[in-house]
Amino acid sequence: MKKKTSVPIACMVLLSVFALYSSIAQASPDEYFFKVVITIDAADTTGLEFLQGYAVPGMKEIGIDVEIDPVEYTMQMEMLRTQRKPYAEGGWDIQSTYLDIFSDPDQTLQYHSESVPPQGFNYMDYRSADSDQLLETGMSTFDPDERREVYQEFYKLILDELPVIPFYTVEGLHPFRAGIEGIETYAGERVANDDAWCAQFLTGIEGDTFHYAWDWDLDRFLPTFGYASTEGMFMRVFGTNIDGSVRPDLAETWEWAEGHSTLTIHLREDVKWSDGVPFNSTDVKYTYELIMNPDTGSPDYTRMTTMISSIETPDAHTVVLNILPEGRSPALEEVLSWRGMGILPAHVLADVPAEELSESVYNQEPGLVPVTGPYNMIEANTGEYYKWERNPEWPWGPWTTIGPKYVICHVISEKASALAALEAGEVHHISWWYAAETHYEYLEANPDIQLTTGLTDKADGLFINLNHPILCNKWVRKAIANAINSEAYVDDVRYGIGYPTSLPIRRVYWTMEDFPENHLIPYNLAEAKANMEKAGFDYDWLNPTTAVNPLYVGGFLVVGIAVGATIVFVITRVRKPR
Amino acid sequence: MTEEGEKLLSIKDLKTHFFTERGVVKAVDGINLEIGKGKILGLVGESGSGKTVTALSIVRLVSYPGKILNGYILFQNENLLEKNEREMRHIRGNRISMIFQDPMSCLNPVFTVGDQVAEAIRLHQDIPRSEIEQSVVNIFEKVGIPDAKKRLKEHPHKFSGGMRQRVMIAMALSCHPDLLIADEPTTNLDVTIQLQILNLMRKIKRDFKTSILLITHDLGVIAEMADHVAVMYAGKIMEYSDVVEVFSNPLHPYTKALLESVPRLDVETRRLRVIPGTVPELLNPPDGCRFSPRCAYTREVCRKEVPPLIEIKRGHSVACLRMNDIDTERGDNNV
Amino acid sequence: MFLLAYLAPGDPVTVFYLSRIGGRYSHAELDYIRQMLGLDQPIHIQYFRWIWRMIQGDFGQSYIWNQPVLPLIRSSILNTLRMMIPAFVLSILFGIVTGVISAAKQYSKTDHIVMASSLLMWSMPWFWSGLMAIYIFSVYLHLLPTGGMYTFGQPPTVVDQISHLIMPVLLYATSGAGFITRLTRSCMLEVLREDYIMTARMKGLKERVVIYKHALRNAILPVVTVVSLYVSYLVGGAAVIEFVFAWPGVGRLAVLAATQRDYPVVLGINMVVATVVLIALLIADISYAYLDPRIRY
């Protein structure tokens, strides 16, 4: 009996000694200068992979200890929105998440000191007079070339100050069945999720129907109440080009009055609704007033009412917008190109009271509202599929393309099932939302499938809490940027899809024209250490490898004695005759 | 071993072994038995001595992993071991039927008792459907179930233990079998009910001329009922004789010990005698005589040689090597 | 339930407008939407408002599907039942028959094969086996469609609908059958040891009659109890199969609604599914009384 109990007791002694030893060893202050906590969405596996493989090792190398704190996504968002304190005081140090890079910096004013959360998006608490000045100038500069210069100044500023550290611009992977042509538009025009628009460019589809899979239900048929997949249906006055610049869609030309107090829009005269009724200025006036009506419940209500005071229609194809002082900015053109600005037919909807429109049949059932875009939805079954039919009045104006007669969206929530449907040939295309790049090699090896990549409005990056006592030093942030190996990450994990980046702006963007191509902060640990030294950290003080720590020695001694004693104890016990 | 009168069943050298994972259990190891027509044979033995397995072997219902290895069972001059399953089914419940130890669990709880009895009648007798119920009522009345017509529509849980045993007997008798095997029919019943059931069985024997194989460990029941007695121990028959002979002149030490362990009022004894030790594990039975480890008269020879069942006088067989010495020698209780 | 939904981090507005469409809205705009949906009210007001409306048969409006909750749930639960009822019937039939066979032939080769395969069927995760089935039968063999209830864009035919049903139903059924087989077998073995089985055999009944009449009637009792509880498990597990086979059922709806904090839908599904499970238990209780004469109500 005694012999049997001695072994576990010895093990326990050994374990407790180890625990003691390791706690002493961890308390050793000399390994790192300081420690930061990176908060991340626990479900974001590629993000975790990035941090663990390509960010944390470099940061540890330059003397910054890192702890990763995975939390639920909504928790992370809530923290970002409401907490300004560093982690040690109950807030956060660094948040790894996606950054929105779809628009001009002046639209969300993320880097303006007055854009304080929770109203604004300046989660980093970035306060810079230079930045504020540049953003305000950009907002009131109408000449594109001047505006571009101002913004490029701003880009240089935030590249230097690094309130956020982006590392990777997400590229969407659009898998198609082989033989389909015209998929290039997916790479450019579609940064979001509107396949009905893109379908008009497709050719080479067997039969008259284009099938694609998407992982989410499309629910709102009127763009005013949200904008899932309505772009192919309801055209706007202004559209957006690949490079983010504004183009006329339902408008033919437009001009600002002197002093920018009015915006006059001349509408196209050759546009008809899909029921054959001609499109005219009443539709535009109706739609904008609907959005600006507080009873409607449009999410764009605040934005529009702070910019536009009233709308006039001098004739059937002219709309005059009277602009409030806050709205006298080229940003208004972009606001009018948002998806929520799709023009609705006044001749069908004008009689419906604004407060009832959202829950009326027009917004609940498809096919009741005529459209100006290439397709109109004719069937919708929640959780099953959505079906569009080609608009008989399409094409008009600058467009010449006619796509397949029908487009069907299969709702497949599970990525693996969607991939199987594509491989089985049941759908011609699956949405980039499935993030199929994790199966890139597998899909590329399949001769029945072709792949194309395209821009998205997302970048992965780190929000830095500038209230952190050490991270507020820009040299520390530069050092962190130098310690991130985003090029290796893109090659190893993302199969080369997407681009390493240090600037939270879309790669193809009109304000990026002539901007120095090579703006990526390189992975360079020597540079990083130099930056740390500029921030006042001395590497002579931090020398964990050569320093003889008496605690280490003591710990090893204790462990050695314990192990030896245990062995001797066990052996003597075993040898003892029974 | 011969028998006056006609033989109904005779078993020769029956071996039923159980092939378990731990080894072969020789539950019944070469036994011989005979039952005369209209007679009651009492099969006595301690628990685990192989009585029930013997009974199940007769109707060939020994379940896995048991197997009948050897011997033959002559029933009305037909060897039951050569019958196929279909023929056996025709015999079971029809020519041989059986009642079991525990009446509480022998009736299927989800069917009415009438249905359960009628099932056997329907199976074996060519009676029109409409008359089956009447014949069930008849048989219920015969076994003494009052208000039979009403009660046969009830489920077993509404019956008392004695009543259930009567139902079991009714079921067993429903096709007028030639042989009734009663496996400890009274063990789990109250004493007063026991007596009723025994009386019922005696009546059956008288009225139907049915032979009964009465399996019990209760020597009192044997003395009451049996014509002949077979004493079984560890899978073997130790002594076989008619009932008077066994009780008046037991020859095997085991039989003697059994009889001495029964409380008696007519003989004054200071203490009830018990047989030392327990029934041997049949997985690994003792060599030689199986009773030898517990026997008061054991000699070296008993541990080596298996005693054959020898007929000493007419109708009285004993399996003991030292049977003749026992009378002259006092047994020693402490082996 | 209401409190649980309320306590989950993030509200529907934050989750929906931040995660999916992108953070284009300012928080003033999000607050406005919150106000429109009544989410700015204190929780007890929200709760009583929900209860009051539910009593009147109004489960509210889904935030993310922009439809009344009840029709949404009704159509999805019908879709789930359409898959589950054949699966359930198949699994019970198949499970009981194989369970009885393997119990009747205990320790035989058949028994071992049945036990091994039922364990396999029962323990294979649906997610994995579903995808394997899709890849084998749809992608490589082109025999069956990968998912959905019917081929979209064509007039639905019976053959088409059945071909869409085969894989999810069989997957469901094999798993359930594996479970029921094991359960039936153990119950049967217990019953076969009972004395009344010997009585039945002693009557000269055929082994088939003994097993299917005398033993099964008794063994089925515990099986019915457990199977009725299994219904709730099936409803919960429906989500996985529905996800894999893009089946627009209630499990999938529940998961999507929960991840998007669509409380009216989550609560509505809870109410409806709880009712369905209660009905299943009630049916089990009633059938119990029918099967077991010892129980009377």
Side-chain angles (χ1 to χ4, degrees), chain A residues 71-75 77-78 81 100 102-103 107-108 117-121 192-193 209 211 213 216-217 219-220 225-228 294 297 299-303 338-339 358-359 363-364 379 381-385 387 406 408 410-414 416-418 420-421 423-427 457-458, chain C residues 8-11 14-33 36-37 61-62 64-68 72 75-76 79 127 130-131 134-135 138-140 142 144-153 240 242-249 252-253 255-256 261:
Chain A
V71 297
E72 214 260 343
Y73 173 72
T74 45
M75 288 279 287
M77 280 292 143
E78 205 66 18
R81 233 158 57 90
D100 290 313
F102 51 85
S103 59
Q107 280 189 351
T108 53
Q119 279 75 36
F121 288 91
N193 39 35
T209 312
H211 293 269
W216 192 248
D217 273 311
D219 49 305
R220 290 156 170 80
F225 303 101
Y227 24 61
D300 296 320
Y301 162 76
T302 327
R303 185 60 63 111
W338 284 2
R339 286 148 188 272
S358 169
E359 292 186 18
N363 196 28
Q364 306 274 356
E379 285 176 43
N381 283 316
T382 305
E384 297 176 39
Y385 72 100
K387 187 175 183 182
Y406 298 105
I408 292 182
H410 299 232
V411 180
I412 302 177
S413 308
E414 175 50 47
S417 307
E423 287 177 72
E426 285 177 24
V427 295
D457 51 8
K458 302 272 182 273
Chain C
D11 69 22
T14 323
V15 174
F16 184 62
Y17 288 96
L18 281 183
S19 70
R20 195 67 212 197
I21 307 298
R24 181 171 256 169
Y25 294 113
S26 77
H27 287 279
E29 285 158 344
L30 293 185
D31 284 343
Y32 178 74
I33 296 166
M36 296 293 292
L37 294 173
Q61 185 93 1
S62 160
I64 53 172
W65 283 283
N66 201 32
Q67 293 173 26
L72 199 66
S75 66
S76 67
N79 292 339
F127 186 82
L131 285 175
I134 289 178
Y135 270 90
S138 307
V139 176
Y140 295 115
H142 290 281
L144 296 166
T146 57
M149 290 209 301
Y150 42 85
T151 309
F152 307 137
V240 177
E242 285 168 5
F243 260 94
V244 172
F245 290 100
W247 194 271
R252 179 181 160 283
L253 187 77
V255 172
L256 292 179
R261 310 287 186 272

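In the text below, chain A, chain B and the rest are named by the order of the sequence lines, each starting its count at 1. Computed from heavy atoms alone, side chains included, the values below leave out hydrogens, waters and symmetry copies.
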Response to the item:
The interface call for C/Leu253 against chain A, heavy-atom contacts under 4.5 Å, is neither
Worksheet item: Rounded to the nearest 0.5 Å, how far does CD1 of C/Ile134 lie from CD of A/Glu426?
Response: 9.0 Å
Discussion item. Could you measure the distance from the OG atom of C/Ser76 to the CD atom of A/Glu384? Nearest 0.5 Å is fine.
Written reply: 10.0 Å
Worksheet item: Is there side-chain contact between A/Ser413 and C/Leu256, with heavy atoms separated by less than 4.5 Å?
Response: yes
Worksheet item: For chain A, which of C/Pro68, C/Ser138, C/Pro145 has the most heavy-atom pairs under 4.5 Å?
Response: C/Pro145
Worksheet item: Any side-chain donor paired with an acceptor under 3.5 Å for A/Glu423 and C/Tyr140?
Response: no
Discussion item. Taking every non-hydrogen pair under 4.5 Å, which of C/Trp247, C/Phe127, C/Phe245 racks up the most with chain A?
Written reply: C/Phe127
Discussion item. So which atom in A/Ala420 and which in C/Val139 form the shortest heavy-atom distance, rounded to 0.1 Å?
Written reply: O-CG2, 3.5 Å
Response to the item:
Value for CZ (C/Arg252) from CD1 (A/Ile412), rounded to nearest 0.5 Å, stands at 9.5 Å
Response to the item:
d(C/Phe243 CZ, A/Ser417 OG) to nearest 0.5 Å is 9.5 Å
